[in-house]
Amino acid sequence: MRLVSERYGPLLALFAAMLPLAASSSTGEQSGLGQLQADIGILRAQLEQLQRQVDSQQQQSCTSADKDKVAPVVAAKPSPVAASLKFSTDMRYRHDRISADVFNSDRTRDRLFARAAVQATLNPATRLVLGVISGDDDPISGNQTLGKSASSKNLQLDLAYFDWELKPGLRWRGGKYKSPLHRAGGHALLWDSDLRPEGLSLVYRNNTWQGSIGYEFLESDDKGGAQDKLAYFTTQLKRTFRFDDFSGVLGAGYYHFDTAGKSYGGLGAGFGNSLDSAGYFQFDYRELEFFAEADSSIMGWPAGVFMDYVKNLDASREDTGYAVGLLLGHVGKTGDLHIRYTYQQLESDAVLGSFTESDFGLGGSGNKGHVIKGSFQVNPHTMLALSYYNTRYGAGNAEPEQEADRLLLDLIMKY
């Protein structure tokens, strides 16, 4: 209204003042103009009233001292929906070189890995998480090999779960989620880091204890008896100890895969596990795990050691696996450096082969060897990493033992 008054107020006043003159000049010319004069008077009164309304609103919106001031801009409050969303993404560019007896010569390839996820906080106790990943239907890898004339690469569902806090420290998860199970030293003796279990789990955490119970699936659809239903249970308990310059972890887990005499749910090979001539599992995988970690510092550098041991209580042979490792440094801040050495020996039926680390010994169980890894934090969002695997595999199933060396060079970016 202020703008209307400044631009058109003087014109309205002038027009209102000229109306009587126009009316008087026409009085003697036509006898029927009396009524017109009366109408013009009414119009004049209406214009004067409009002018008073404009002036009144102008006075209410500003004073003469701040007429030339610009009204401050008030920032809009964020939408409650937008404020509850949290986004994350990461990408890895990898150069992969494999020297293995199974290949006639060294195999080299460049690969891409990408993920994106959004977390919605529905209320203080409940979160919903959805995410996608590059790759096909491999349960423990999102790598996509570059090539095929720059063909489009696939995206798959990586995460889709609810996370509901039943009481302080106790959460219920359901859907396809990141595994809550602890991996000693970050090493994947039993569980690859990219594994996303599917099912339901309860997780409890406080500053000292962590425990979880899960009921999850390799295959939930029995197709009316035409397909084997493959479910498994997971339980794990971990205790953390903290002292002035030392911390440690002790833990145990039991994982039961109901697989004996059943098919592999359409995934194909046994990944090192023992199958009969029809392709059915010879054993259940009743895996009993013990692990320990100790962390301190050496000359100001974070340092640690870890041990992980597993035994399949159902297998009659090739039933044991272990890993031991040393860690130095950490990553997180710009300029940080982390180095890790691990020795692993994993017999063929110690664990379910499709869930253990995919890079060690060309993947699966029935392998042994050394791993050296190093990573350098370039900036808060970028890291360079190098991994070298010197492994042997295949001897556990009465096959000739073969060697596989692997070198991975990674550029990793996260947000």
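Keep in mind that this is a model prediction, so the values were computed, not measured.
Using a distance-only test at 3.5 Å, with no hydrogens or angles considered, a donor-acceptor pair links the side chain of Asp228 to the main chain of Ser263. Checked by atom type and distance alone, the side chain of Gln156 never pairs as donor or acceptor with a backbone atom of Gly142 at under 3.5 Å. The closest donor-acceptor contact from the side chain of Gln344 to the backbone of Gly369 lies at 3.5 Å or more, if one exists at all. At least one donor-acceptor pair under 3.5 Å links the side chain of Arg286 to the backbone N or O of Leu313. Under a 3.5 Å cut-off, the side chain of Thr126 and the backbone N or O of Asp163 do not form any donor-acceptor pair. The closest donor-acceptor contact from the side chain of His338 to the backbone of Gly329 lies under 3.5 Å. A side-chain donor-acceptor contact under 3.5 Å links Gln236 to the backbone of His182. The closest donor-acceptor contact from the side chain of Ser179 to the backbone of Leu181 lies under 3.5 Å. With Glu219 contributing its side chain and Asp221 its backbone, the two residues share a donor-acceptor pair below 3.5 Å. Proximity of a side-chain donor or acceptor of Asp284 to a complementary backbone N or O of Thr259 within less than 3.5 Å is detected.
Nearest heavy atoms, Ala125 versus Arg171: O-NH2, 3.7 Å. Scanning all heavy atoms of the two residues, the minimum distance from Leu157 to Lys176 falls at O-CE, 3.5 Å. When all heavy atoms are compared, the tightest approach of Pro302 to His330 is CG-CD2, 3.1 Å. Residues Leu189 and Thr356 approach most closely at O-OG1, 2.8 Å, considering heavy atoms. Heavy-atom minimum distance, Ser193 versus Arg183: CB-NH2, 3.4 Å. Nearest heavy-atom pair across Ala120 and Leu85 is CB-CD2, 3.6 Å.
Take Phe257 and apply the ring pair (Phe, Tyr, Trp, His ring centres under 6.0 Å) test, not counting sequence neighbours, and it matches Tyr232. When the ring pair (Phe, Tyr, Trp, His ring centres under 6.0 Å) test is applied to Tyr215, the partners found at least two apart in sequence or on another chain are Phe217, Phe233. Qualifying side-chain contact (heavy atoms from CB on, under 4.5 Å) partners for Trp209, counting only residues two or more places apart in sequence or in other chains: Asn206, Leu237, Arg239. For Asp295, the side-chain contact (heavy atoms from CB on, under 4.5 Å) partners two or more places apart in sequence, or in a different chain, are Ser247, Glu293. For Ser387, the side-chain contact (heavy atoms from CB on, under 4.5 Å) test picks out Lys373, Tyr389, Leu408, with sequence neighbours left out.
When only modelled atom types and interatomic distance are considered, Asp106 and Ser99 share a side-chain donor-acceptor pair under 3.5 Å. Between the side chains of Thr334 and Asn379, no donor-acceptor pair of N or O atoms lies under 3.5 Å. A side-chain N or O of Asp136 and one of Asn154 form a donor-acceptor pair less than 3.5 Å apart.
By the 4.0 Å N-to-carboxylate-O rule, Arg94 lies too far from Asp110 to be salt-bridged with it. Using a cutoff of 4.0 Å between basic side-chain nitrogens and carboxylate oxygens, Arg392 and Asp101 are not scored as salt-bridged. Salt bridge annotation for Asp359-Arg406: present, with a cationic side-chain nitrogen under 4.0 angstrom from a carboxylate oxygen. Looking at Arg196 and Glu216, no side-chain N of the basic residue comes within less than 4.0 Å of a carboxylate O on the acidic one, giving no salt bridge.
Within 6.0 Å of CZ in Phe103 there are more than 12 heavy atoms belonging to other residues, nucleotides or ligands. More than 12 heavy-atom neighbours from other residues, nucleotides or ligands sit within 6.0 angstrom of CG on Asn123.
Within the structure, the side-chain hydrogen bond (donor to acceptor under 3.5 Å, both in side chains) test picks out no pair touching residues 297-308 (sequence neighbours left out).
In summary, the aromatic rings of Tyr255 and Trp191 are positioned with their centroids under 6.0 Å apart.
Annotation: side chain of Ile412 is not in contact with side chain of Met91 (no heavy-atom distance under 4.5 Å). Contact check for Val132 versus Asp158: no side-chain heavy atoms found under the 4.5 Å cut-off. For the pair Lys368 and Glu401, the minimum side-chain heavy-atom distance is below 4.5 Å. Taking the side chain as every heavy atom from C-beta outward, Leu190 and Phe355 never approach each other to under 4.5 Å. Counting only heavy atoms from C-beta outward, the side chains of Lys414 and His381 never approach each other to under 4.5 Å. Val102 has its side chain within reach of Leu362: a pair of non-hydrogen atoms, C-beta onward, lies under 4.5 Å apart. With a 4.5 Å cut-off on side-chain heavy atoms, Thr89 and Met413 do not count as touching. Looking at heavy atoms from C-beta onward, Phe113 lies out of side-chain contact with Gln144 at the 4.5 angstrom threshold.
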**OP:** Go through Asp194 and Arg115 one step at a time and tell me if the salt bridge (charged side-chain N to carboxylate O under 4.0 Å, His left out) criterion holds.
**Re:** CA-CA 11 Å; Asp194 291 332; Arg115 286 182 298 209; 3.5 Å; yes
Original post:
For Lys262 and Leu230, what are the C-alpha separation, side-chain angles and deciding distance, and is it a side-chain contact (heavy atoms from CB on, under 4.5 Å)?
Top reply: CA-CA 8 Å; Lys262 297 182 179 180; Leu230 295 174; 3.3 Å; yes
Original post:
Does the pair Leu346 and Val351 meet the rule for a side-chain contact (heavy atoms from CB on, under 4.5 Å), with working shown?
Top reply: CA-CA 8 Å; Leu346 185 64; Val351 302; 3.8 Å; yes
Original post:
Where do Asp349 and Ser274 land on the side-chain hydrogen bond (donor to acceptor under 3.5 Å, both in side chains) test, with the steps shown first?
Top reply: CA-CA 7 Å; Asp349 291 305; Ser274 297; 2.5 Å; yes
**OP:** Given side-chain contact (heavy atoms from CB on, under 4.5 Å), test Tyr161 with Leu130 step by step and report yes or no.
**Re:** CA-CA 7 Å; Tyr161 69 94; Leu130 299 174; over 6 Å; no
Subject >> Test log, rule side-chain contact (heavy atoms from CB on, under 4.5 Å), inputs Leu166 and Trp164 >> reply: CA-CA 6 Å; Leu166 303 178; Trp164 187 356; 4.2 Å; yes
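With rounding to the nearest 0.5 Å, the separation of OH in Tyr285 from CG in Leu352 is 7.0 Å. The distance from atom CH2 of Trp172 to atom CG of Leu202, rounded to the nearest 0.5 Å, is 8.5 Å. Interatomic distance, Phe283 CZ to Asp276 CG, rounded to the nearest 0.5 Å: 10.5 Å. One finds the CG atom of Leu411 at 6.5 Å from the OG1 atom of Thr382 (value rounded to the nearest 0.5 Å). One finds the OG atom of Ser365 at 7.0 Å from the CG atom of Asn367 (value rounded to the nearest 0.5 Å). Remark: Asn143 CG to Arg111 CZ distance equals 4.5 Å, nearest 0.5 Å.
Between Phe241 and Phe243, the two ring planes are parallel [angle under 30°; tilted spans 30° to 60°].
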